[in-house]
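The structure under discussion appears below in the form of structure tokens.
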Amino acid sequence: MNEELTKAYNPTEHEDVIYKKWEESGFFNPDVCIEKGITSDTADYFSIVLPPPNVTGTLHMGSAFMLAIEDIMVRYNRMLSKKTLWIPGTDHAAIATQSKVEKLIQKEEGKNRHDLGREEFLKRVEKFAKENHDIIVHQMKKIGCSLDWSREAFTLDEKRNLAVKTVFKKMYDDELIYRDYKVVNWDPKGQTTISDDEIVYEERKAVMYTFKYSKDFPIAISTTRPETKVGDTAVAVHPNDERYKKYVGQTFEVADFAGEKLSIKIIADESVDPEFGTGALGVTPAHSQIDWDIAQRHQLPLKPVINEYARMSVDSSLLKDKKVTEAREIIVQWLKDNSLMLDEKETPQNISTAERTGGIIEPLPKLQWFINVNKEFERNGKKLTLKKLMLSAVEDKNINIIPERFEKEYTHWIENLRDWCISRQIWYGHRIPVWYRTKQSLNKTLEYETYCNIEAPKNDSNKPDWFQDEDTLDTWFSSGLWTFSTLGWPDQTEDLKNYHPTTVLETGYDILFFWVARMILMSTYVLGEVPFKNVYLHGLVRDNQGRKISKSLGNNLDPLDMITKYSADAVRMALIVGTGPGNDTKISDEKLKAYKHFANKIWNIARFVLDNSQDQNLEIPENKKYLDEFEALTKDITVDMENYRFYLAAEKLYHYTWHTFADIIIEESKKNENTKKILMFLFKEQLKLLHPFMPFITEKIWSLFPNSKNLLMVEKWPSLS
RNA sequence: GCGCGGUUAGCUCAGUUGGUAGAGCGCGUCAUUGACGUUGACGAUGCCAGAGGUUCGAGUCCUCUACCGCGCACCA
């Protein structure tokens, strides 16, 4: 017996050595496969970009799940001799990373980012990002990912920055990107705007107060946020509401509302529900998205009363500089003291919080950059909008979403989509490629000239200097370009020609809108083609109690620990088997243990086969049933692979190997010399089928067989006759 | 409010197009000294959430109900 074949399989002894062999072979890079004659230059391609993990932290079991699925796809397709490319990368994750580093510095040094200054702070963030990056790369290798490291990208590196600036300028020139002053989602904690999608709703109990602005005010209104009411400039009622019709058009002056003067115009607007509350809506244009819209329709004045620190910015001594929550109590008390409060009722309410910082969102009017999703533009004589592009990509089946049910969710989301606020008041990210300089105007108000381009404009000695926009871009702007920015765009590279649109995008259903939709937007707009032909959505990995993995619960499992304990192959199998697309999965010790045992079983099968069989003598008629059976299995597995049913393929392989090959065929071979003769052949073919799922152990065993010159990873997938 | 998913053996879950229920773990009985005890053989356990319908036939299709989870919208 081969002395390398210890009685029990010891993964740690082999895994790193094998990964190194793979890397040294260069076969992760399709160019090398072509060069070495393993893949034909004219073969079909299979390409996939890695959803870049955030450098905020290191990988968790959810990432391991994603990597396992993708590596299975990639290894399978490579074995089909396709030109197979899987591009690695990491994501700078702007807000997430910045706020994490800010917290760290605050905790360790008691300083904030302004104490350090932009330059020094960014250095710290970059150091932090680099450290996490290195760990992430190490983790991905431990899991066995056959990523082409020679093409590794980072969402914030120079090449990607060029892509970002190029797209920004193109959209700016097409007037799809615009700058405007309007109500945005302001996160007082993170001190930045965020997009609608970055809001997380939390249900809390609130009190609905019904009151009048003053004793002689004719209409009562209801609100859960009395403190914003000092910013009211109108009361809106439904046009057909008989109760209030007579007041429409009038303006009422309120001399003292908690120390503020109000001027309230009564307006009629269809959007008001006469059944809700008093049927009258106090309009606060500066601090509500909906009220802002109403104010636009009726040319109402704007009265901001809350600042960026969620404090009252009014003159009233009662409220000035008070936190909004304090101001609420003060006003409630004031209303009661003045006998203006008519009703208080507890009510459930969804409050908006920022996904990354948990801060309570304060709608504020601000000058920001937006992508207009409804503006028409022409292409090939067709009138399009970004929304239409996003919708038709899926509706016309240019993109196929797996599982299908998410297509509906996608469509529904796009239909409700509003302009995307892309500017962030944070430092870590792609700086907006826009410069301004002051222009003297006749009436002495300041006006700016605006310049948008890839490179900064040259200063003119006769004129004031240009200065760049301070803001950075939403991280999803750069992620949206990922399928083509990683292939070298804006250069017209060979990679772009060869591998775009990518074959499949594999990612979690939780970022369908954040990311998948944005990639579709960017690619269809910039390149005029979809970013990928298929979307495979996986679910969440939960702990054994079904809870989401989260830091506060402390139930995060480090894939590296699991690998040490059970082997990379076992971790992959435990994650894959039984978990269909779009379904959440639970990870448990029992499952991991079961596949560790399976690896050992395979190992011992190898020991037996090597001792008892040779690579020959297939043509024995009495073994035909075994060969037929195997061919049926191969076919079954192949169909599953083609249809993204990895969870079924893996399970079937498990059963065949253990309960057919080991329990029946090997047992039979102990009694029948003829059966022995096909063991080697059958087992080698099985190793090929198993390889995408359990790459390490299969590669190791493969290397122990006689006549195995090539690495298993580039062997041909068993063919169907 | 609109929509989606789940509800199958003690536990965790499969069941791709409708043909009298499956796996792993756990449990029981037995076997086995050399591929593997990280083993093998055999076995027990299910009104497939509930009600109705289509069908020769439904876990699988349709309708409704209940509970759990999720997304979106509303949130004056």
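We use all heavy atoms of the structure for the numbers below, so side chains are in, but hydrogens, waters and symmetry mates are not. Chain letters run A, B, ... following the sequence lines, proteins first, then strands; residues in each count from 1.
- Base contact: A/L648 has a heavy atom under 4.0 Å from a base atom.
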Between A/Y656 and A/F630, does the ring pair (Phe, Tyr, Trp, His ring centres under 6.0 Å) criterion hold? Intermediate values first, please. CA-CA 9 Å; A/Y656 177 82; A/F630 184 78; 5.8 Å; yes
Applying the Watson-Crick and G-U criteria (both distances under 3.5 angstrom) with [ ] for crossing and | for other-strand pairs, one obtains for RNA chain B (((((((..((((.....[..)))).((((((....).))))).....(((((..]....))))))))))))....
Apply ring pair (Phe, Tyr, Trp, His ring centres under 6.0 Å) to the pair A/Y654 and A/F598, showing each step before the final yes or no. CA-CA 8 Å; A/Y654 173 89; A/F598 182 49; 4.7 Å; yes
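- Closest contact between the side chain of A/K586 and the listed nucleotides B/U12, B/G3, B/C72 involves B/U12.
- Residue contacts shown for A/F513 are limited to sugar-phosphate atoms, with no base heavy atom under 4.0 Å away.
- For the pair A/K182 and A/W292, the cation-pi criterion (under 6.0 Å, within 45° of the ring axis) is not fulfilled.
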Look for any protein N or O under 3.5 Å of an N or O in nucleotides 21-26 of chain B and output each such pair with its distance, or none.
{"residue": "B/A23", "atom": "O2'", "partner": "A/H655", "partner atom": "NE2", "Å": "3.1"}

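- Comparing atom distances between the A/E667 side chain and each of B/C36, B/G71, B/A73 picks out B/C36 as nearest.
- When the nucleotides B/U38, B/A14, B/A35 are ranked by their closest atom to the side chain of A/N600, B/U38 comes out on top.
- For the salt bridge (charged side-chain N to carboxylate O under 4.0 Å, His left out) condition, the pairs that include at least one residue of residues 564-577 of chain A, sequence neighbours left out, are A/D71-A/R572.
- Side-chain proximity of A/H412 to the nucleotides B/C72, B/A35, B/U38 is greatest for B/C72.
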